[in-house]
Amino acid sequence: MYRTNTCGELRLSHAGQTVTLSGWVQKMREFGGMTFVDLRDRYGITQLVFNMETNPEQFKLAQKLGREFVVRATGVVAERSNKNPNMPTGDIEIHVDSIEILNAAETPPFTIEENSDGGDELRMKYRYLDMRRAPLQRNLMLRHRMAQSVRHYLDLQGFIEVETPVMIKSTPEGARDFVVPSRMNQGQFYALPQSPQMFKQLLMVSGYDRYMQIVKCFRDEDLRADRQPEFTQIDCEMAFVEQQDILEVFEGLTKHLFNEVLQVQFEGSFLKLPWEQAMSEYGSDKPDLRFEMKIKELVTRNANRAEGELSEAKHETRKAEDETRDTKHETRNPEERSLPSHASRVTSHDSSASRVTRFDSSGFPAFDDAEYIGGIIAAGCAEYTRKQLDELTDFVKKPQVGAKGLIYVKYNMDGTIKSSVDKFFDAAALQGWAEVTGAKPGDLLLILAGKRDKTLKALGDLRLEMGRQLNLMDKNKYVPLWVVDFPLVEWDEETARFYAMHHPFTAPKPEDIPMLDIDPGQVHANAYDLVINGIEIGGGSIRIHDAGLQKKMFEVLGFTDEQAEYRFGFLMNAFKYGAPPHGGIAFGFDRWVSLFAGLNSIRDVIAFPKNNQGRDVMQDSPSNLDEEQLKELGIKIS
RNA sequence: GGUCGUGUAGUUCAGUUGGGUAGAAUAUCGGCCUGUCACGCCGAGGGUCGCGGGUUCGAGUCCCGUCGCGACCGCCA
């Protein structure tokens, strides 16, 4: 027998018992006549004691041990004379009667402890050693608990888990596919699924009206700390549902997970934030709502007079968008359709800013030419030094943020105002900005100007940076929300066509369907994202279940009938045989686990992750194939 | 494809204007130590300064190229 107990379970109540433990030697502390050995398994650490006087034979054996040796020890559980309150087993130790080396070990290249001394690269190379460490083991156990919890909850809700194929047909929409060559069908390839999207829709056609799967997905795109080439989704689909039905079920799942795993509860239902509002108030489609600091608009105007580099087709949509925006301004009713009442947008105050500020003839070029001017209020930051402001300027001018410069206005406690544009605007104008933005004495107003989309994004980045600097992102606070009403399609200048923002099966909002023919760029999707603390945790949509509407969608996306038939023919066919209304959602499981683990990277919630370049540095994959293998597959490397 | 950062002992890092045999901590090995749990004390070994080229009397340090790693942008739902 290798063990009667684990290294984490023995307590004072076990004192006097003879036990056998097996595990790894974590650390040894040797004295003249006494040796302490910390024995570790995934349940904890227990101290073994060897005494030269009471058992010289075993004492000698213990001196031969080294770090990470695998050993079996039998002995008596004894109360410690010096207890260690920092460890669960700290009240006891094992007086060892016999120790046996099950397997010796080379000295590992880094320390296998709570905080390792090894760097990322080294730990990835010896991943199996890194995973012996408690933090990694906690992460993987958390992952396990969450997976169990998801399955349990969805099972109770009537979902059934169905496996879908991993070798499927390549669909060039969206992300690039990983492909698998077929030996039996030379020159042809399978693809690994970016998600089981079409299969889960077919399951709805087949009548499995509540489907779920925790499933690997594959995308051949460049990686980030929160993106791996293969990752795991909680994939779900439901039939005979509307958006609200889906949001309710998965808000339920979200609350269940938070409650079961983190013991965090939420009051009421999650905020539903329209995409346009998310963009205009937070400069992001995944806003971090742990803090306010909304973006305040000073002015938006038609900037078509600017650069003439736009393509013909782009011009069309751009004009259409600008027209809508202008309309919003004139009617002082910027919020469309579904905005809840709490959404007060600054545009409605525009008149007060415009009264005292001529943004188009101030003599300040950055403002006079700007399509959009907006800012955020850094509360209580009027005391910021020149150096701090310069650093913020550098931050927004980084190519990743892309602003041309940063304008600041300090509203000092004594009522005076100091800004970087004092030359161009008088005190009344600057005071007017405070009225519009809601800045109070002691606040710092940070303003960016330029193209509307880019400037909002930059303001969003600046908002997050200020949130970090002012410690407004509390790791123990969780603010989930639904972002809804995404645009259905996005125009791409390079290829001069529309692309589905979600995917080509996303249904338009019913009231927008007529606009598909006139102005697809204005159509809203019946889609939703779950966002928590600025992280996109999941997203989904109501799907198109009507073959005619799907055909129309393919037209909008510029597919010929032949292309649509070639790529998605089987789905269109299936829809001819009675497809129920349906919709679904998929969650990024790795991201969700890393959120719960309090990590910024998903790597450490994945047992065997890949690095930035998509390489497995432990296996050293991907790797070359033999000539023989290639020949069999009919593949030639150029 | 791009921006930024980084590469020095097994490991984590320091190394000034370009100037003595390239250091510290930790790990490893040896010695001493009977209550440690970051044990302590003494000692030892350990270096292709990522790689290639250049400038120089002299390069870890400066220049050019290249490779690896990380974060981000593009890309990606």
Side-chain angles (χ1 to χ4, degrees), chain A residues 26-39 45-54 59 63 66-68 78-87 89-90 93 95 106-126 173-177 194-195 197 217-229 231 233 235 285-286 394-395 397-402 454 457-458 461 464 483 486 490 492 494 499-503 506 525 527-531 535-541 585-588 591 600-601 603 611-613 615 617:
Chain A
Q26 164 123 343
K27 195 158 210 176
M28 306 192 24
R29 289 175 295 279
E30 294 180 79
F31 294 77
M34 198 161 220
T35 295
F36 299 97
V37 175
D38 288 341
L39 191 68
I45 291 175
T46 296
Q47 176 168 284
L48 311 179
V49 190
F50 298 85
N51 193 315
M52 184 166 64
E53 278 183 6
T54 55
F59 177 83
Q63 287 182 311
R67 276 168 58 203
E68 299 307 314
E79 182 172 3
R80 290 200 200 181
S81 55
N82 271 357
K83 295 190 172 60
N84 184 347
N86 298 320
M87 52 196 295
T89 62
E93 61 195 359
H95 291 174
E106 286 185 20
T107 304
F110 49 86
T111 57
I112 316 284
E113 289 173 38
E114 178 74 24
N115 295 305
S116 175
D117 65 357
D120 291 346
E121 198 181 345
L122 195 70
R123 286 176 18 235
M124 288 274 266
K125 186 172 175 188
Y126 298 91
E173 278 300 288
R176 277 182 276 263
D177 284 325
Q194 300 170 24
S195 78
Q197 184 58 38
C217 302
F218 307 86
R219 288 177 193 160
D220 187 8
E221 296 292 344
D222 287 4
L223 306 175
R224 292 283 190 283
D226 64 348
R227 268 194 247 156
Q228 285 272 307
F231 60 100
Q233 285 193 343
D235 193 50
D285 59 2
K286 43 181 168 123
D394 289 343
F395 174 83
K397 283 167 88 172
K398 283 197 303 192
Q400 286 90 333
V401 179
K454 283 188 69 174
K457 196 189 150 290
D461 290 343
L464 291 177
V483 176
F486 284 78
E490 280 176 305
D492 178 69
E494 270 177 42
Y499 281 86
M501 195 157 175
H502 222 78
H503 52 58
T506 300
Y528 32 81
D529 274 2
L530 177 67
V531 174
I535 301 164
E536 184 201 326
I537 289 293
S541 61
I585 191 165
F587 299 93
R591 283 185 190 173
N600 295 320
S601 167
R603 281 186 205 148
N611 75 5
N612 241 3
Q613 327 300 325
R615 299 200 66 86
V617 294

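These numbers were taken from a predicted model, which means no experiment stands behind them. Below, chain A is the first sequence line, B the second, and so on; all start at residue 1.
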Partners passing side-chain contact (heavy atoms from CB on, under 4.5 Å) against [X] (at least two apart in sequence or in another chain):
| X | value |
| --- | --- |
| A:Asp394 | none |
| A:Lys457 | A:Asp461 |
| A:Met52 | A:Phe59 |

If you measure from the [atom1] atom in [N] to the same atom in [M], how many Å do you get, rounded?
| N | M | atom1 | value |
| --- | --- | --- | --- |
| B:rG43 | B:rU3 | C1' | 50 Å |
| B:rU8 | B:rG50 | C1' | 10 Å |
| B:rC49 | B:rU21 | C1' | 15 Å |
| B:rG10 | B:rC29 | C1' | 13 Å |
| B:rU66 | B:rG46 | C1' | 29 Å |
| B:rG45 | B:rU56 | C1' | 35 Å |
| B:rG60 | B:rA9 | P | 14 Å |
| B:rG54 | B:rA77 | C1' | 49 Å |

Does the pair A:Glu221/A:Arg176 count as a salt bridge with the N-to-O cut at 4.0 Å? yes
Using 4.0 Å as the upper bound for N to carboxylate O, is an ion pair formed by A:Lys27 and A:Asp38? no
Can you find a side chain N or O atom of [X] that sits less than 4.0 Å from OP1 or OP2 on [N]?
| X | N | answer |
| --- | --- | --- |
| A:Arg603 | B:rG70 | yes |
| A:Gln194 | B:rA77 | yes |
| A:Arg67 | B:rU28 | yes |
| A:Asn611 | B:rC69 | yes |
| A:Lys27 | B:rC39 | yes |
| A:Gln47 | B:rG35 | no |
| A:Arg227 | B:rC76 | no |
| A:Asn612 | B:rC69 | no |

What's [X] touching, base or sugar-phosphate or nothing? Going by heavy atoms closer than 4.0 Å.
| X | value |
| --- | --- |
| A:Arg29 | base |
| A:Arg80 | base |
| A:Ser81 | base |
| A:Asn600 | nothing |
| A:Gly402 | nothing |
| A:Lys83 | base |

Go nucleotide by nucleotide along RNA chain B from the 5' end; which of A:Asn51 and A:Met501 gets its closest nucleotide reached first? A:Asn51
Where the side chain of [X] is defined as all heavy atoms beyond and including C-beta, which of [options] is the nearest nucleotide?
| X | options | result |
| --- | --- | --- |
| A:Glu536 | B:rA77, B:rG35, B:rC72 | B:rA77 |
| A:Asp529 | B:rU36, B:rG1, B:rA77 | B:rA77 |
| A:Asn82 | B:rA38, B:rU36, B:rA77 | B:rU36 |
| A:Arg224 | B:rU36, B:rC73, B:rC76 | B:rC73 |

Determine if the base of B:rG20 is syn or anti; take syn to mean the glycosidic torsion is within 90° of 0. syn
In this structure, are over 12 heavy atoms from other groups packed under 6.0 Å from A:Lys83 atom NZ? yes
Considering residues, nucleotides and ligands other than A:Glu114, do more than 12 of their heavy atoms fall under 6.0 Å from its CD? yes
Could you identify the nucleotide paired to [N], looking across every strand shown and requiring Watson-Crick or G-U wobble geometry with both distances under 3.5 Å?
| N | answer |
| --- | --- |
| B:rC33 | none |
| B:rG19 | B:rC57 |
| B:rA24 | B:rU12 |
| B:rU3 | B:rA71 |

Rounded distance (Å) that lies between atom [atom2] of [N] and atom [atom1] of [X]:
| X | N | atom1 | atom2 | answer |
| --- | --- | --- | --- | --- |
| A:Gln613 | B:rC76 | CD | P | 19 Å |
| A:Glu490 | B:rC76 | CD | C1' | 11 Å |
| A:Met28 | B:rA27 | CE | C1' | 15 Å |
| A:Glu68 | B:rA27 | CD | P | 14 Å |
| A:Glu221 | B:rC73 | CD | P | 14 Å |
| A:Leu48 | B:rC37 | CG | C1' | 13 Å |
| A:Tyr126 | B:rA27 | OH | C1' | 15 Å |
| A:Gln228 | B:rA77 | CD | C1' | 16 Å |

Any donor-acceptor pair under 3.5 Å joining the side chain of [X] to the base of [N]?
| X | N | result |
| --- | --- | --- |
| A:Asp222 | B:rC75 | no |
| A:Arg615 | B:rC69 | no |
| A:Glu121 | B:rG68 | no |

Results of ring-ring contact (aromatic ring centres under 6.0 Å, His included) for A:Phe587 - residues two or more places apart only: A:Phe250, A:Trp592
Run the side-chain contact (heavy atoms from CB on, under 4.5 Å) test on A:Phe110 and A:Arg123 for me, step by step, so that the C-alpha distance in whole Å, both residues' side-chain angles and the decisive distance to 0.1 Å come before the verdict. CA-CA 8 Å; A:Phe110 49 86; A:Arg123 286 176 18 235; 3.8 Å; yes
Sugar-phosphate atoms are those with a prime plus P, OP1 and OP2; base atoms are the rest. Using that split, label each nucleotide of nucleotides 2-13 of chain B B, S or - for protein heavy atoms under 4.0 Å, 5' to 3'. BB------BSS-
Residue pair A:Asn82 / A:Asn84, side-chain heavy-atom distance below 4.5 Å: no
State whether the side chain of A:Ser116 and the backbone N or O of A:Thr111 hold a donor-acceptor pair below 3.5 Å, judged by distance alone. yes
Could you work out, with salt bridge (charged side-chain N to carboxylate O under 4.0 Å, His left out) as the rule, every residue matching A:Lys454, not counting sequence neighbours? none
Is there aromatic stacking of A:Phe36 against B:rU36, centre distance under 5.5 Å, plane angle under 30°? yes
